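Below: the structure, in structure tokens.
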Amino acid sequence: MQFSENWLRSIVDPKMSSDELSHLLTMSGLEVEEVEAVAPPFSNVVVAEVKEVVKHPNADRLNVCQVDAGTGTLLNIVCGAPNVRAGMKAICAKSGALLPPGADGKPFEIKTGKLRGVESQGMMCSSKELGISEESSGLMELPEDAPVGQNIRDYLGLNDLKFTIKLTPNKADCLSVLGVAREVSALTGSPLSLAPTRAVPVSSDEILPVKVSAPDLCGRFAGRVIRGLNARAATPEWMKRRLERSGQRSVSALVDISNYVMLEVGRPSHVFDLAKIHGSLDVRWGRKGESLKLLNGNTVELDEWVGVIADDKEIESLAGIMGGDATAVSLDTTDIYLEAAFWWPNAIQGRARRYNFSTDAAHRFERGVDYATIPDHIERITALIVEICGTGETKVGPVDDQIVNLPQRQPVLLRTARAQKVIGVPLSDELIADIFTRLGLEFTRGEGTFLVTAPSYRFDIEIEEDLIEEVARVYGFENIPANPPVAPSAMLIAPENTRSLFAIRHQLADLGYQEVVNMSFVESAWEADFAGNPEPIRLQNPIASQLSVMRSSLIGSLVANVRYNINRKAGRVRAFEVGAVFKRNGEVQDGPLAVAGFDQPKRVAAIAYGPAADEQWGMPTRAVDFFDVKADLEALFAPRQLRFAKAEHPALHPGRCATVELDGKQIGLVGELHPRWLQKYDLPQAPVLFEVDADALCERVVPRYTEISKFPGATRDLALVVKQDVPAQRVIDAFNAEIAANPAGKIVQAVVLFDEYRGKGLETDEKSLAFRFSLQDTQSTLQDEAVDAIMAAVAESASTKLNARLRA
């Protein structure tokens with residue numbers, strides 16, 4: 001919300017500076033984001049009248065002007081503006097004037113001097129040269145009644161500031177200068193000086209028939225017919241200035257008046273060209289198949305979810321959002337229908353966003369506008385229209401005010417004791433009563449209680465906490481002491497067998513990965529490609545058309561990150577993300593952090609693309625592979641041992657994909673991206689990635705003391721021949737089962753696969769796997785008999801379970 005300080009002070013003028021006013025508004029909940037001067041500083045610039053214009057004797061594009069600047073004598077000024085002429089009122093910077101700084105940052109001083117041999121005693125100015133506007137086609141022409149010699153800052157009201165306030169959604173009552181003025185009056189006690197509403201004499205009995213067919217859409221509808229107007233009348237300068245300083249562009253007198261009153265009182269209205277309305281109007285819900293061309297040129301498709309104003313032939317307006325192009329007023333308009341209504345907020349909410357635009361009207365109506373003063377609003381606009389656009393033939397019809405379905409305000413109870421407890425200040429009943437009176441809140445007072453009825457322009461007062469907030473705002477947040485908490489508090493130590501996600505992030509960063517943060521909503525194609533999910537959770541109101549579903553996997557987002565970096569010439573990418581995924585689960589119930597029917601587990605995923613290491617002389621360059629990322633994953637879980645099992649997944653390469661298991665439970669997957677997605681997503685090489693459950697990764701083994709052996713260890717190698725389809729993990733599982741069951745197995749410290757061989761000496765369906773066993777005893781020196789016995793036992797176990805044989 002942007003407005004002129006001078007406009008605000010014309011309604012309420014507290015005895016405080018602009019900075020104090022800005023601070024006051026901010027501390028009351030109306031955060032002032034910016035205070036900007038209307039015009040930069042300049043001096044000795046006045047209103048002047050050009051008396052005579054002759055061609056410069058030595059320049060084709062210059063004129064020599066005789067200018068009356070109110071000094072008693074005419075000034076001789078050389079001017080190159082194309083629109084200068086005798087008799088015009090314009091802006092003159094007299095000799096000695098300081099104009100706004102130029103590119104060098106220094107003020108520009110006007111001096112008496114000669115231009116092409118002719119003395120110039122000042123300078124005629126455009127609005128751009130004074131920093132008033134960015135566009136200029138010549139001198140800024142002033143009205144004929146502009147007083148010669150008056151300081152231009154006073155005449156144009158340039159000693160003004162533009163306030164921009166950031167409003168929270170509940171403060172819709174402050175989306176107007178009047179609303180902000182009410183706040184200032186309540187906070188300072190300064191009286192409001194509102195001009196009384198002047199009813200325009202009715203000179204016609206004409207009424208346009210209107211039917212409200214949808215009381216759940218429109219609660220009150222008022223309008224009147226006005227004929228015989230001059231739409232070409234100029235908008236007054238004072239109104240233009242206030243509109244411009246509120247961020248509005250001047251269009252035409254009729255449109256400007258409607259916008260001006262909206263900014264003044266906070267209720268949008270609409271002006272129809274009466275000649276373009278066919279018969280009567282019907283306020284109703286839209287119908288499937290209907291369409292409307294809007295004032296912004298867009299044609300929108302309508303349905304039963306959108307309200308409309310229709311005549312006997314076509315749709316004329318999108319209710320509470322934007323008027324239609326068919327009935328828009330123009331400079332040739334002479335007869336109008338002026339409309340103001342109360343649209344139910346829930347009937348407007350989300351409709352403009354559905355069509356990918358926003359309007360000032362929708363912004364206000366979807367938050368709630370004053371429904372009680374609609375006739376006064378109509379009278380205010382009528383008075384301005386007749387004053388500015390009226391002619392001798394102007395006829396004003398009566399106000400047709402239809403009250404259909406208005407909100408019923410329910411009193412809200414405030415307990416003084418409750419307010420004291422929440423705010424932390426010993427408030428008295430008298431203080432609270434004074435605050436409510438200043439805010440214009442009607443109340444019935446009891447012993448320590450107040451029964452408050454919200455006024456028609458307040459839609460944010462529904463529960464006791466809303467009233468407590470009002471008391472705190474007006475009392476002053478800065479007046480509430482900053483006391484330390486009185487509740488006992490204790491630092492809770494996290495369990496030793498868990499670690500935080502922050503520790504996991506640091507460990508992944510140590511492994512060379514960089515964290516990314518992606519949206520939880522993704523393209524529906526990603527869910528089908530990377531998660532095999534044909535029925536993803538769809539969003540009812542996505543922020544972008546392509547981001548229409550909730551992700552059930554982090555893979556798609558990481559692939560998009562890699563693609564983004566590749567397109568910007570990054571040859572090596574390492575990225576990880578910690579985030580939630582979303583899945584349907586009928587067993588989930590509503591809770592503080594849960595939504596019924598939806599599971600939202602945390603996942604940790606990482607992706608690696610490009611060379612395994614940065615280019616260097618110590619090793620040849622090679623592409624990252626499955627085992628590089630598998631090693632990083634094992635490092636994340638160490639010292640816990642992961643188990644990997646061959647698997648298939650729609651996102652990953654068949655044969656280069658494995659599930660990740662921990663303590664017999666599947667917790668994730670690891671693998672290389674499927675070749676079909678390399679082609680579809682324009683990836684030159686295959687990235688390798690993993691995705692695991694965050695809760696499993698947060699678990700860790702509590703360190704415990706283990707005796708360190710004082711005796712030397714030993715190693716043994718065991719090469720077994722097995723069938724090609726036997727994975728190494730199954731062989732290791734057979735070893736571990738025997739080691740756990742055999743009393744002599746305690747001397748085995750580790751088993752590592754270090755070689756795989758296929759080729760000469762083996763059958764075509766066979767392979768040789770070589771394992772290295774590390775053995776050590778904590779009680780005595782190892783004996784060959786004990787080592788040979790356990791090695792024979794594990795070999796026999798593999799032979800029995802997997803039909804393995806020792807390699808010759």
Side-chain angles (χ1 to χ4, degrees), residues 1-30 32 35 38 153-165 167 171-200 235-246 248 256-267 269 340 364 369-370 372-388 434-442 455-458 470 473-474:
M1 173 66 187
Q2 182 177 303
F3 57 88
S4 157
E5 182 186 12
N6 285 351
W7 191 0
L8 176 66
R9 288 186 183 272
S10 70
I11 301 176
V12 59
D13 190 11
K15 305 305 178 186
M16 57 177 57
S17 68
S18 301
D19 288 342
E20 292 171 335
L21 177 60
S22 172
H23 178 75
L24 176 75
L25 290 172
T26 298
M27 294 309 297
S28 69
L30 309 183
V32 178
V35 178
V38 168
R153 297 191 73 91
D154 297 332
Y155 178 72
L156 295 179
L158 300 179
N159 296 317
D160 191 9
L161 297 174
K162 291 184 291 186
F163 277 56
T164 302
I165 58 177
L167 292 174
K171 290 301 292 176
D173 59 299
C174 291
L175 283 168
S176 66
V177 179
L178 174 60
V180 178
R182 286 196 198 102
E183 288 291 307
V184 174
S185 177
L187 295 168
T188 64
S190 301
L192 292 174
S193 56
L194 294 173
T197 302
R198 178 173 62 87
V200 177
T235 304
E237 289 299 323
W238 62 267
M239 183 179 288
K240 281 185 180 180
R241 288 198 293 269
R242 286 184 172 180
L243 286 171
E244 289 169 359
R245 294 170 193 181
S246 300
Q248 294 279 349
D256 290 349
I257 292 168
S258 177
N259 288 337
Y260 176 80
V261 178
M262 176 190 70
L263 294 171
E264 182 180 54
V265 301
R267 184 189 300 101
S269 60
R364 287 164 171 79
V369 301
D370 189 355
T373 58
I374 288 179
D376 293 338
H377 184 184
I378 291 280
E379 293 292 356
R380 172 63 172 155
I381 299 179
T382 303
L384 288 171
I385 288 176
V386 172
E387 176 185 341
I388 297 169
D434 175 62
I435 289 174
F436 287 161
T437 301
R438 288 156 60 186
L439 287 171
L441 303 178
E442 295 183 3
S456 56
Y457 52 84
R458 294 294 298 269
E470 294 301 298
R473 285 194 318 108
V474 179

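Keep in mind that the numbers below use all heavy atoms, side chains included, and drop hydrogens, waters and symmetry copies. In this chain, residues are counted from 1 in sequence order. None of the values given here were measured: they were computed from a predicted structure.
Taking both residues in full, the closest heavy atoms of Asn6 and Asn159 are given as ND2-O, 3.9 Å, listed atom of the first, atom of the second, then distance. Nearest heavy-atom pair across Ser193 and Ser10 is OG-O, 3.2 Å. Considering every non-hydrogen atom in both Cys174 and Ile165, the closest pair reads O-CD1, 4.5 Å. Minimum interatomic distance between Arg364 and Leu263 (heavy atoms only, all atoms of both residues): NH2-CD2, 3.9 Å. Between Leu187 and Val474, the shortest heavy-atom contact is CD2-CA, 3.8 Å. Between Leu441 and Pro455 the shortest heavy-atom distance is CD2-CD, 3.4 Å.
Between Arg473 and Glu183 there is a salt bridge, since at least one side-chain N of the basic residue sits less than 4.0 Å from a carboxylate O of the acidic one. Salt bridge annotation for Arg182-Asp173: absent, with no cationic side-chain nitrogen under 4.0 angstrom from a carboxylate oxygen. Comment: Arg9 engages Glu5 in a salt bridge, judged by a side-chain N to carboxylate O separation of less than 4.0 angstrom. Classification of Arg241 and Glu244 as a salt-bridged pair fails, no side-chain N sitting under 4.0 Å from a carboxylate O.
For Asp256, the side chain to side chain donor-acceptor pair (under 3.5 Å) test picks out Thr235, Ser250, with sequence neighbours left out. Under the rule for a salt bridge (Lys or Arg N to Asp or Glu O under 4.0 Å), the partners of Asp434 that lie at least two apart in sequence or sit in another chain are Arg438.
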| said: For a side-chain contact (heavy atoms from CB on, under 4.5 Å) check, start with the C-alpha distance between Lys171 and Met1, then their side-chain angles and the critical distance, and finish with the verdict. | reply: CA-CA 11 Å; Lys171 290 301 292 176; Met1 173 66 187; over 6 Å; no

| Val265/Asp370 under side-chain contact (heavy atoms from CB on, under 4.5 Å): CA gap, chis, key distance, verdict | CA-CA 9 Å; Val265 301; Asp370 189 355; over 6 Å; no

| task | In sequence, state the C-alpha distance, the side-chain angles, and the governing distance for Ile381 and Ser269, and then conclude on side-chain contact (heavy atoms from CB on, under 4.5 Å). | result | CA-CA 9 Å; Ile381 299 179; Ser269 60; 3.1 Å; yes

| task | Would you sort out whether Lys162 and Val38 count as a side-chain contact (heavy atoms from CB on, under 4.5 Å), showing the intermediate values? | result | CA-CA 6 Å; Lys162 291 184 291 186; Val38 168; 4.0 Å; yes

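Side-chain atoms of Thr26 come within 3.5 Å of backbone N or O of Val32 as a donor-acceptor pair. Of the possible polar contacts, one joining the Glu379 side chain to the Val200 backbone as a donor-acceptor pair under 3.5 Å is found. Within the 3.5 Å criterion, the main-chain N or O of Arg245 finds a donor-acceptor partner in the side chain of Gln2. Without hydrogens or angle criteria, Arg242 side chain to Tyr260 main chain gives no donor-acceptor distance under 3.5 Å. Using modelled atom types, one side-chain atom of Ser185 and one backbone atom of Ser190 make a donor-acceptor pair closer than 3.5 Å.
A centroid separation of 6.0 Å or more is found between the aromatic rings of Phe163 and Trp7.
With rounding to the nearest 0.5 angstrom, the CG atom of Leu243 is 15.0 Å from the CZ atom of Phe3. How far CZ of Arg380 is from CD1 of Ile257: 10.0 Å, rounded to the nearest 0.5 Å. Between the OG atom of Ser28 and the CD atom of Glu470 there is a distance of 9.5 Å, given to the nearest 0.5 Å. The distance from the CG atom of Leu21 to the OG1 atom of Thr188 is 8.5 Å, given to the nearest 0.5 Å.
With contacts defined as side-chain heavy-atom distances shorter than 4.5 Å, the pair Gln248/Met262 qualifies.
Counting non-hydrogen atoms of neighbouring residues, nucleotides and ligands closer than 6.0 angstrom, the CD atom of Glu20 exceeds 12 such neighbours.
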